[in-house]
Amino acid sequence: MELKLYNTLTRKKAPFVPIDPKNVRMYACGPTVYDFAHIGNARPVIVFDVLYRLLRHVFGVEHVTYVRNITDVDDKINARAAEEYPDMEINAAVAEVTSRTTDQFHEDIAALGVLPPDVEPTCTSHIPQMVEMIEVLIAKGHAYEAEGHVLLDTASVPNYGHLSGRSLDEMIAGARVEVAPYKRNPADSVLWKPSDDSLPGWPSPWGRGRPGWHIECSAMAKEHLGDVFDIHGGGIDLTFPHHENELAQSCCANGTDTMARVWMHNGFLQVEGEKMSKSLGNFVTINQLLQDWPGEVLRYNMLRTHYRQPIDWTVKGLEETAKTLAGFFGGEDLSQLEGKFAEPVLEALADDMNTPAAITVLHQLDRAGDRPALLGSLRALGFAGDLTDPRAQGVDEASIQAQIDQRLAARAAKDFAEADRIRDELAAQGIALKDGPDGTTWELTR
Ligand code: AMP
Ligand code: ZN
């Protein structure tokens, strides 16, 4: 089977040919662990999970190595730790924030049906590899030390800007490039920076300090996947500066002309038509959504849009998705089923992971009544048929029924005020009553 993938580097869709079909190697940039992951962060996690499953199907489970890191060294983490634990020693405070956030991340994405990667490296356990790579870059004339910092000399990098398609001038003009007096060139990115006692730091030839973000992934990818591997992924915002710099550093240090053969980027997620941001009040975490929706609904909803397109995350979309999945599953538990992509589903996925086309096929299979093909494909896509309503947890059905009976008794006694009080009390708990010809039923409201 021919698997086609779109490559940001060549801006083309092309057949995917692994370097070694016995070990297909993929790296995806993982979360920076300082706060709950938001639903936008869930997108690359789900997208590359589907790719992981697809690669395992095509090449064999044991022939795919997926690395997704945990970014546990970052100034946003340091700031959060100092703010939350002002009286604690900084390393302990940072460890508190990162371990708690990592656990939360694992719990959240497990609920989205995401498989653990083969390796999940952390920055803190790869500092020597980062230091070593920086030393090589300096020795090869691609990096320089200035005022306790080590910077990548972007002017020395052949093809710098190639991945993101930007010229150096454009990058300098871009708001995301930090201008600093010690830089030879404003585009030069930080490989190492000094840490005072109030910050986490590690010994290095340039004094106690900490790595910059981009070198972290270069070093972790090299350690676990080698100098050149197959696929590197992340959200589209990572193309520049993060991936551009990873690519530059890795090629210059390793003496290669490529880092990953294929670079893949997912489009951005917005909420109800607007960019998600804390100031707009539409910032929503995976964890919050999981309190209202089954994880599988969130997962499927993500797959309704092609991964390279922007996605508009809406409650209406979630409601549609919940209905679709309930129809597909028909109450069946898929967890013990063997995942098996039906041929036309696989064909759609093989075309640059066209999940909307795969979903069209799922509907066709459903209409045709081909349950084995439908459920096998859903299982292979990571669904288990679990639509347990999280809002129903802790709901005491017997107590609701008792209140419904009391309300009926009140009505029979013409005590309408009491009947209304009971209805309103249940409504306040998110339980709506429906009076019908067969009596009163209840449902959970959102
Ligand atoms: P961060 O923790 O900020 O490094 O982000 C982790 C991952 O989430 C990266 O791959 C980002 O590109 C991705 N990401 C962040 N925000 C969004 C968004 N709104 N939509 C899609 N992906 C996002
Ligand atoms: Zn990265």
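Order of appearance sets the numbers: ligands from 1, and atoms from 1 within every ligand.
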- For the Zn ion (ligand 2), does an N/O/S atom of H242 lie at less than 2.8 Å? yes
- Item | N, O or S atom of H243 closer to the Zn ion (ligand 2) than 2.8 Å | no
Where is the nearest protein heavy atom to [atom]: which residue, which atom, and how far?
| atom | result |
| --- | --- |
| atom 23 (C) of ligand 1 | G40 O, 3.3 Å |
| atom 9 (C) of ligand 1 | L238 CD1, 3.7 Å |
| atom 10 (O) of ligand 1 | G235 N, 3.0 Å |
| atom 6 (C) of ligand 1 | N41 ND2, 3.6 Å |

- Got R53 and L381 here, is their nearest side-chain heavy-atom distance under 4.5 Å? no
Go through ligand 1 atom by atom and flag the ones less than 4.0 Å from a non-hydrogen atom of [X].
| X | answer |
| --- | --- |
| D237 | 11 (C), 12 (O) |
| G267 | 21 (C) |
| T32 | 2 (O), 4 (O) |
| H38 | 15 (C), 16 (N), 17 (C) |
| P31 | 2 (O) |

Using a strict 4.0 Å threshold on nitrogen-to-oxygen distance, state whether [X] and [Y] make a salt bridge.
| X | Y | answer |
| --- | --- | --- |
| D389 | R391 | yes |
| E320 | R304 | yes |
| R80 | D35 | yes |
| R299 | D49 | yes |
| E84 | R100 | yes |
| R208 | D196 | no |

- Looking at Y27, does the NZ or CZ of R68 lie under 6.0 angstrom from its six-membered ring centre and within 45 degrees of the ring axis? no
Taking atom types as modelled, is there a side-chain donor on [X] or [Y] under 3.5 Å from an acceptor on the other?
| X | Y | value |
| --- | --- | --- |
| T256 | N254 | no |
| H38 | T285 | no |
| E244 | S164 | yes |

Can you tell which part of [X] has a heavy atom less than 4.0 Å from ligand 1: side chain, backbone, both or neither?
| X | value |
| --- | --- |
| Q270 | neither |
| L269 | both |
| N266 | side chain |

- Task: Could you name the option among A42, P44, A37, A28 that has the heavy atom nearest to atom 7 (C) of ligand 1?
- Result: P44
- Note on the structure: C217 SG to C29 SG via the Zn ion (ligand 2), rounded to 10°, gives 130°
- Shortest-distance N, O or S atom of E246 relative to the Zn ion (ligand 2): OE2
